[in-house]
Amino acid sequence: MKAMIDSTTSYSGGKAPSSPKGQQVRERILAAALAAFGEKGFLATTTREISLAAQVTLPALQYYFGNKEGLYRACSEMVTEAYRGHMSELGTAAREALASNAPAREIRQHLFVLTAALAEFLIDSNQANNWALFVAREMSDPGGAFDILFKRLWQPGLLLTADLVARVRGQESRSVDSIIEALMLVSGLMVFRSGRALTSRMFDGELSDEEVLQKVKATLKRQITAMKPPKE
């Protein structure tokens, strides 16, 4: 389910664009804001420097987003919508399989498809470059966007993953153990985006993004295939 965003206004009194050119301006401001907030954080970033980076006037930024708080929240909405646009159909299918008590092999496949899609989004998405630092900063130093990201993105995604893990493990419902396993599974993929410099150095630049992605998918397949119910 997509996050609800008012069709005529954004946060703090800003307005939605009324033309393709206006939409381009708004997207340019968001891209500059994501980069600036991700690098320096909310408090150290000014709307003036964002407007300069986006090559727009300060009044234009205020017109679309109202103020810095509105722009910051709009950044979190953008990240949430980008992720949901890539993952929502797969998530819906996985939830339906859980609700219908599908067999473990089918649940296992949904778990693989879902995590592989997340890997694609993180590793092979140019769009992800714009928000990786923003998300990483909110994880390590929660700010005004944390609640939006948690309630609409992190919590639903992790709980679904934990539900899938629990069923693959032969459990009727999620547990603390399955949540921990879900956190480890997802955070292990996040390093390929937020820790991009590290992973690139580890491979000495010898692997393309596509090669890394295929190897990550193969590893996910092995890990998920190896998941078994606990022995009695």
Side-chain angles (χ1 to χ4, degrees), residues 79-80 82-125 127-129 131-132 135-136 138-140 149-232:
V79 170
T80 300
Y83 172 85
R84 286 181 169 180
H86 189 78
M87 304 287 290
S88 60
E89 289 186 9
L90 299 178
T92 297
R95 289 184 178 91
E96 290 175 351
L98 288 166
S100 66
N101 291 316
R105 65 179 181 277
E106 184 177 334
I107 298 298
R108 191 187 303 275
Q109 181 62 19
H110 280 289
L111 179 58
F112 169 70
V113 169
L114 201 65
T115 52
L118 177 59
E120 289 176 358
F121 186 63
L122 293 172
I123 297 171
D124 198 33
S125 171
Q127 186 182 38
N129 286 325
W131 56 261
V135 171
E138 281 298 314
M139 284 183 172
S140 62
L149 293 171
F150 180 79
K151 292 176 182 178
R152 301 183 187 179
L153 183 63
W154 296 329
Q155 185 183 49
L158 285 166
L159 291 182
L160 174 57
T161 304
D163 286 338
L164 293 168
V165 168
R167 287 285 292 278
V168 169
R169 295 290 192 189
Q171 301 162 356
E172 293 185 0
S173 59
R174 82 176 78 103
S175 63
V176 171
D177 288 343
S178 63
I179 291 174
I180 290 174
E181 194 163 1
L183 282 164
M184 293 179 67
L185 188 60
V186 172
S187 63
L189 295 175
M190 290 294 294
V191 73
F192 289 95
R193 175 54 57 180
S194 59
R196 197 170 183 82
L198 169 64
T199 56
S200 179
R201 179 68 66 88
M202 289 297 296
F203 301 134
D204 290 329
E206 294 179 357
L207 298 179
S208 66
D209 284 352
E210 179 60 27
E211 289 172 322
V212 171
L213 175 60
Q214 294 308 316
K215 289 183 179 298
V216 168
K217 284 184 175 181
T219 301
L220 282 170
K221 191 73 172 180
R222 289 194 298 271
Q223 289 179 337
I224 293 170
T225 299
M227 288 183 180
K228 305 291 182 185
K231 293 182 179 180
E232 297 294 337

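Pairing each heavy atom of L158 with each of A182, the nearest pair is O-CB, 3.7 Å. Heavy-atom minimum distance, A119 versus V216: CB-CG1, 4.0 Å. Closest of all the heavy-atom pairs between G91 and L114 is N-CD1, 3.8 Å. The two atoms that bring A102 and I107 nearest to each other are O-CG1, 3.7 Å, heavy atoms only. Minimum interatomic distance between I224 and F112 (heavy atoms only, all atoms of both residues): CD1-CA, 3.5 Å. V191 and T199 make their closest contact through O-CG2, 3.8 Å (heavy atoms, listed as atom of the first residue, atom of the second, distance).
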Taking it one step at a time, do L118 and V186 satisfy side-chain contact (heavy atoms from CB on, under 4.5 Å)?
-> CA-CA 8 Å; L118 177 59; V186 172; 3.9 Å; yes

Could you walk me through whether R108 and L111 pass the side-chain contact (heavy atoms from CB on, under 4.5 Å) test, one step at a time?
-> CA-CA 5 Å; R108 191 187 303 275; L111 179 58; 5.7 Å; no

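The backbone N or O of R174 sits nowhere less than 3.5 Å from a side-chain atom of S178 that would complete a donor-acceptor pair. In this structure, R167 contributes its side chain and L98 its backbone to a donor-acceptor pair below 3.5 Å. Without hydrogens or angle criteria, E211 side chain to S208 main chain gives a donor-acceptor distance under 3.5 Å. R193 places no side-chain N or O within donor-acceptor distance of the main-chain N or O of F121, the cut-off being under 3.5 Å.
The closest side-chain heavy-atom distance from L149 to V79 is below 4.5 Å. The shortest side-chain heavy-atom distance between V135 and W154 falls under the 4.5 Å cut-off. Contact annotation: the side chain of R169 never approaches that of D177 to less than 4.5 Å [non-hydrogen atoms, C-beta and beyond]. Proximity of L185 to L220: side-chain heavy atoms (C-beta onward) are separated by under 4.5 Å at one or more points. Side chains of E181 and T161 form no contact here, defined as non-hydrogen atoms less than 4.5 Å apart.
No side-chain N or O of R222 forms a donor-acceptor pair with one of T225 less than 3.5 Å apart.
Expressed to the nearest 0.5 Å, how far CD of Q109 lies from CG of L164 amounts to 11.5 Å. To the nearest 0.5 angstrom, I123 atom CD1 is 9.0 Å from K217 atom NZ. We find the NE2-CG distance between H110 and L160 to be 10.0 Å, quoted to the nearest 0.5 Å.
Other residues, nucleotides and ligands contribute more than 12 heavy atoms inside 6.0 Å of the CD atom of Q155. When the shell of 6.0 Å around CD of E172 is examined, it contains 12 or fewer heavy atoms from other residues, nucleotides or ligands.
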